[in-house]
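Heads up, the thing below is written out as structure tokens.
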Amino acid sequence: MNVRVRYAPSPTGMQHIGGVRTALFNYFFARAQGGKFILRVEDTDQERSTPEALQDLYDTLAWLGVEWDEGPIVGGPYGPYIQSERFGLYQEYAHRLVAEGKAYYCYCAHERLDALREEQTESKSQQQGYDRHCRELSQEQRNAREAEGIKPVIRLKVPLEGKTTFHDVLMGDISRRNKDVSPDPVLLKSDGFPTYHLANVIDDHLMGITHIMRAQEWIPSGPLHIILYEAFGWEPPIYCHLPMVMGKDGQKLSKRHGSTSVRDFKAKGYLPEALINYVSMVGWSYDGVREFFTREELGQVFSLEKINKAPGVFDYKKLDWYNGMYIRQKSDQELADLLAPYLVEAGFIHLQRTSEESTLLESLVPVVRERLKVLSDVVEMVRFLFEEIAEPAVEQLLPKNQEIPVTVTALEKSLEIIMARGDASDAELELRLSALAEQLGIKINGVFMPVRVAVTGSTVSPPLFDSIRLLGLDKAISRIERAVTILKGEVR
RNA sequence: GUCUCCAUCGUCUAGUGGUUAGGACAACGGGUUUUCAUCCCGUCAACGGGGGUUCAAUUCCCCCUGGAGAUGCCA
């Protein structure tokens with residue numbers, strides 16, 4: 001079979017984890033099958049569709065490195081691939097269904113529909129949804145409504161009897177009694193635009209889509225779509241409903257759970273390869289053991305059979321782990337380039353790096369690499385190098401159970417050793433400071449920690465000698481001297 | 001309310017009619033280390049419940065329970 005799959009988002013918000021996972025699965029399936037991956041923009045909601053969202057869609061897919069074989073920008077033999085540009089098509093097909101008695105005009109006002117819905121909810125009525133009020137309108141009644149200037153919608157005449165079944169690759173047969181199928185859903189809105197159900201069925205058919213892979217939230221609409229295919233006399237495609245991505249609380253993943261838009265993940269400093277890898281492991285697995293895959297590898301080994309049926313919880317911690325793993329794989333140069341924008345944004349370096357800044361950046365990378373979970377972590381990690389640190393507090397300078405006088409001595413002697421370092425190696429320097437600790441009868445930490453706090457302003461920092469080297473000996477010395485002064489001031 | 005789907009450690013998952021139910025993240029403990037991180041080692045931890053079928057069910061069937069989704073002139 002010549003596989004043709006599509007990702008068909010509506011540009012009504014930023015691309016999020018769930019949507020991207022669907023896009024990825026479709027893309028990988030197409031690649032693994034040697035088929036085509038098609039992008040189609042479902043902008044039939046004129047109220048909510050925005051150019052920003054559309055741009056975000058393009059940006060996101062580009063960032064992830066997902067290229068579509070047919071779709072907006074690149075074109076293709078079944079275009080246009082933006083539904084608003086296919087406007088006339090839907091009208092045509094909708095009216096065809098009306099002409100054949102398979103759909104009808106409905107003149108019900110929003111007010112009536114709202115009241116109806118409210119009443120049904122309140123009375124917990126068995127029958128929820130449209131009451132098919134206009135299903136059997138006579139020609140005279142219709143003329144009367146038209147004369148009032150009411151713009152009708154077109155609704156599908158869902159059969160009242162029988163049941164409809166569709167097959168899902170993962171779930172098997174799923175059927176629904178027709179009376180439980182959404183009662184006569186709107187196909188064409190009063191503004192002339194199609195609803196999802198209509199546009200989706202028409203385009204999938206016209207574009208020769210062979211497999212529909214979409215989130216499980218669409219399962220209830222499956223039978224409805226089958227009814228539509230039957231009404232048009234078309235062969236339905238193969239369905240494969242993907243498990244949903246949930247938040248920690250088991251609810252559909254949303255902003256409440258943290259960042260969900262890919263744009264946010266990118267801004268925080270997640271790498272596309274990490275996001276792709278992790279997201280692909282929610283709802284799909286290779287063998288339960290192997291967990292690292294590149295985009296290309298996924299495009300080789302992906303298969304529908306290994307998709308899980310149950311929804312999966314999005315685990316931010318595991319994403320962090322993947323991201324750290326991928327960051328550590330970067331070369332110095334790659335990581336420097338990835339980190340630079342964050343340092344620029346923090347105002348630490350210029351967009352056009354001076355040669356000193358370039359040198360500093362390069363020597364910084366090996367020091368921070370294994371400490372980063374996300375790229376933006378670098379900012380706080382190296383802030384002490386670029387900005388004057390706050391005066392360390394006395395308590396901060398003092399290691400546990402260590403008095404001020406010894407600490408002062410430790411600082412002063414350390415300072416001497418550091419200044420008199422000459423061309424001694426870091427290892428040699430470390431030896432000397434250790435010896436100092438021994439002389440003073442304190443732990444090694446009792447020497448290193450005060451110096452660390454004095455120089456970096458924090459008990460947590462990159463290795464001390466690296467920190468001093470990056471900061472510059474002069475600045476380091478004056479910060480240590482200041483610490484001594486602070487401690488001495490406390491004695492008086 | 002009604003309909004549909006789902007159900008293995010806290011999380012992502014592997015797996016089988018007979019297994020010590022495997023791996024990873026997290027958590028916790030230990031080691032390496034100048035702190036942190038990395039790295040290494042270890043510990044904790046699961047087949048939701050009840051009926052069947054069977055010599056044998058986590059695995060097959062049914063019910064229950066639990067969870068989710070749908071029920072829009074949103075997709």
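So you know, we letter chains A, B, ... as the sequences are listed, proteins then strands, and number each from 1.
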**OP:** Mark up nucleotides 66-75 of chain B, 5' to 3', with B wherever a protein heavy atom is under 4.0 angstrom from a base atom, S wherever such an atom reaches only the sugar-phosphate, and - elsewhere.
**Re:** --SBSSSBBB
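Separation of the P atoms belonging to B:rG17 and B:rC3 is 34 Å when rounded to the nearest angstrom. Going from the C1' atom of B:rU65 to that of B:rG48 covers 8 Å, rounded to whole Å. Separating the P atom of B:rC39 from that of B:rC61 is a span of 43 Å, rounded to the nearest Å. The separation of B:rA21 from B:rG29, taken at their P atoms, amounts to 28 Å, rounded to a whole angstrom. With both ends at atom P, the span from B:rG23 to B:rG42 equals 10 Å, rounded to whole Å. Taking atom P on both B:rC9 and B:rC47, the two are 7 Å apart, rounded to the nearest angstrom. Atom name P, nucleotides B:rU16 and B:rC60: the rounded distance is 10 Å, in whole Å. One C1' atom belongs to B:rU20, the other to B:rG15, and the distance between them is 15 Å to the nearest Å.
At least one side-chain nitrogen or oxygen of A:Asn308 sits closer than 4.0 Å to the OP1 or OP2 atom of B:rA14.
For A:Asp315, the salt bridge (Lys or Arg N to Asp or Glu O under 4.0 Å) test picks out no residue, with sequence neighbours left out. In this view, A:Gln127 satisfies the side chain to side chain donor-acceptor pair (under 3.5 Å) rule with no residue, not counting sequence neighbours. Remark: A:Tyr104 engages A:Asp184 in a side chain to side chain donor-acceptor pair (under 3.5 Å) (not counting sequence neighbours). Residues forming a side chain to side chain donor-acceptor pair (under 3.5 Å) with A:Ser84 (at least two apart in sequence, or on another chain): A:Asp43. For A:Tyr239, the side chain to side chain donor-acceptor pair (under 3.5 Å) test picks out no residue, with sequence neighbours left out. Taking the salt bridge (Lys or Arg N to Asp or Glu O under 4.0 Å) definition, one finds that A:Asp180 meets it with A:Arg177, sequence neighbours left out. Residues meeting the salt bridge (Lys or Arg N to Asp or Glu O under 4.0 Å) test with A:Arg145, sequence neighbours left out: none. Applying the side chain to side chain contact (heavy atoms under 4.5 Å, CB included) rule to A:Asp249 yields the partners A:Gln251, A:Arg256, A:His257; only residues at least two apart in sequence or on another chain are considered. Annotation: side chain to side chain contact (heavy atoms under 4.5 Å, CB included) contacts of A:Arg369 (sequence neighbours excluded): A:Ile327, A:Arg328, A:Asp332, A:Leu335, A:Val365.
Aromatic ring pairs are classed by plane angle as parallel below 30°, tilted from 30° to 60° and perpendicular above 60°; the pair A:His225 and A:Tyr196 is tilted.
Annotation: proximity of residues 369-379 of chain A to RNA chain B (heavy atom, distance under 4.0 Å) is found for A:Glu370, A:Arg371, numbered in ascending order.
A:Gly283 comes within contact range of the sugar-phosphate backbone alone, with a heavy-atom separation under 4.0 Å but no base atom that close. Among the protein residues, A:Ser458 comes within range of no part of the nucleic acid, since none of its heavy atoms lies under 4.0 Å from any strand.
Judged purely by atom type and a 3.5 angstrom limit, A:Gln120 uses its side chain to pair as donor or acceptor with the backbone of A:Gly129.
Take the nearest nucleotide of RNA chain B for A:Trp284 and for A:Leu464: the residue whose nucleotide is more 5' is A:Trp284. The residue among A:Gly312 and A:Met449 whose nearest nucleotide of RNA chain B lies closer to the 5′ end is A:Gly312.
With a 3.5 Å ceiling on both atom-pair distances, the Watson-Crick or G-U wobble partner of B:rC28 is B:rG42.
One can place CZ of A:Phe292 at 10 Å from C1' of B:rC25, the figure rounded to the nearest angstrom. The interatomic distance linking A:Asp426 (CG) with B:rU33 (P) rounds to 16 Å, in whole Å. In this structure, CG of A:Asp173 is placed 14 Å from P of B:rU4, rounded to the nearest angstrom.
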Subject >> side chain to side chain contact (heavy atoms under 4.5 Å, CB included) between A:Leu242 and A:Glu217, worked out >> reply: CA-CA 9 Å; A:Leu242 275 16; A:Glu217 56 188 325; over 6 Å; no
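Distance from the side chain of A:Pro463 is smallest to B:rU35 among B:rC39, B:rU35, B:rG23.
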Show the distances under 3.5 angstrom between N or O atoms of the protein and N or O atoms of nucleotides 26-28 of chain B.
none

